[in-house]
There are 2 protein chains.
Amino acid sequence: MPQNGQEQLLTPGEVAAMFRVDPKTVTRWATAGRIGSIRTPGGHRRFRESEVRSMLAELTSEVNVSDDLTRGR
Amino acid sequence: MPQNGQEQLLTPGEVAAMFRVDPKTVTRWATAGRIGSIRTPGGHRRFRESEVRSMLAELTSEVNVSDDLTRGR
DNA sequence: TACTAGTCGGGTAATTAGGGAC
DNA sequence: GTTGTCCTAATTACCCGACTAG
């Protein structure tokens, strides 16, 4: 079994689905340097799941926090 | 773990997990000469861990962490 | 010898990159 | 200033049967 100290990566389509935007938009974010990207030798991009999720959480504004629903922070 | 001093070899599946691609894609990289490969007597491929890691680091671009992440602007 | 998981091949869909304009 | 859609070319993903690794 391979060691699991690696970072989980996401495809542009998955990131686009998380933000509910077009994959092209995610590509623009990567081009603009707003999100870190890992390129395959073929030129396709992969994104770090932790980075995407933290960004998603960072840009999320909750209405109210009742109890321990906040487990990531 | 295994022998030290020797170079660690990775299977196509492990390299595929690092790049979040299909093992078949890694095979294609080897066929196209984008990555060095070592063939077993049976025809299966093995890849050098150092080469894969350096390539992964080479194709990784971090975000420019500006201070204005605080949503002030 | 038999067994499980992985990796050959090829072939065909699906995704992505890049440019450019609105 | 940002996002979505158009196009073409390239890359990648999933399908199969057969073989290898251990």
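All chains are named by letter (A, B, ...) in the order of the sequence lines, taking the proteins before the strands, and each is independently numbered beginning at 1.
In this structure, of dG19(C), dT7(C), dC8(C), it is dT7(C) that holds the atom nearest to the side chain of Pro23(B). The side chain of Pro41(B) lies closest to dA21(D) when the candidates are dA21(D), dT7(C), dT12(D). Of the candidates dT3(D), dG9(C), dA17(C), the closest approach to any side-chain atom of Arg39(B) belongs to dG9(C). The side chain of His44(B) sits closest to dT7(C) out of dT16(C), dT12(D), dT7(C). Taking every side-chain heavy atom of Asp22(B) into account, dC14(D) is the closest of dC14(D), dA17(C), dT12(D). For Arg46(A), taking side-chain heavy atoms from C-beta onward, the closest of the listed nucleotides dT20(D), dG19(C), dA13(D) is dA13(D). For Lys24(A), the listed nucleotide lying nearest its side chain is dG20(C); candidates were dC15(D), dA21(D), dG20(C).
The side-chain heavy atoms of Met55(B) and Leu59(B), taken from C-beta on, include a pair separated by under 4.5 Å. Side-chain contact check for Leu9(A) versus Glu49(A): every heavy-atom pair is 4.5 Å or farther apart.
Nucleic acid contact for Arg28(A): base, since at least one base atom lies under 4.0 Å from a heavy atom of the residue.
Both Gly43(A) and Arg20(A) lie near DNA chain D, and the one whose nearest nucleotide falls closer to the 5' end is Arg20(A).
Residue Arg20(A) places its CZ atom among 12 or fewer non-hydrogen atoms of other residues, nucleotides or ligands, all under 6.0 Å distant.
For Thr27(B) and dC8(C), the shortest distance from a side-chain N or O to OP1 or OP2 is below 4.0 Å. Under 4.0 angstrom from either OP1 or OP2 of dT7(C) there lies at least one side-chain N or O belonging to Thr11(B). The side chain of Trp29(A) contributes an N or O atom lying less than 4.0 Å from OP1 or OP2 of dT3(D).
One can place CG of Leu9(B) at 10 Å from P of dG22(D), the figure rounded to the nearest angstrom. Rounding to whole angstrom units, CG of residue Leu10(A) and P of dA13(D) are separated by 14 Å.
The overall bend of the helix from dC3(C)-dG22(D) to dG19(C)-dC6(D), read as the angle between its terminal helix axes built from five base pairs each, is 60° when rounded to 10 degrees.
The backbone N or O of Trp29(A) lies less than 3.5 Å from no partner atom in the side chain of Arg34(A), so there is not a single donor-acceptor pair. A distance-only check finds no donor-acceptor pair linking the side chain of Thr25(B) to the backbone of Val21(B) [under 3.5 Å].
For DNA chain D, the neighbouring residues in residues 30-38 of chain B, judged by any heavy atom under 4.0 Å, are Arg34(B).
Nearest heavy-atom pair, Arg46(B) versus Pro12(B), reported as atom, atom and distance to 0.1 Å: NE-CD, 4.4 Å. When all heavy atoms of Asp22(A) and Ala16(A) are compared, the closest pair comes out as C-CB, 3.9 Å. Minimum heavy-atom separation, Arg45(A) to Ser37(A): CD-CB, 4.1 Å.
There is no side-chain donor-acceptor pair under 3.5 Å between Gln8(A) and Ser50(A).
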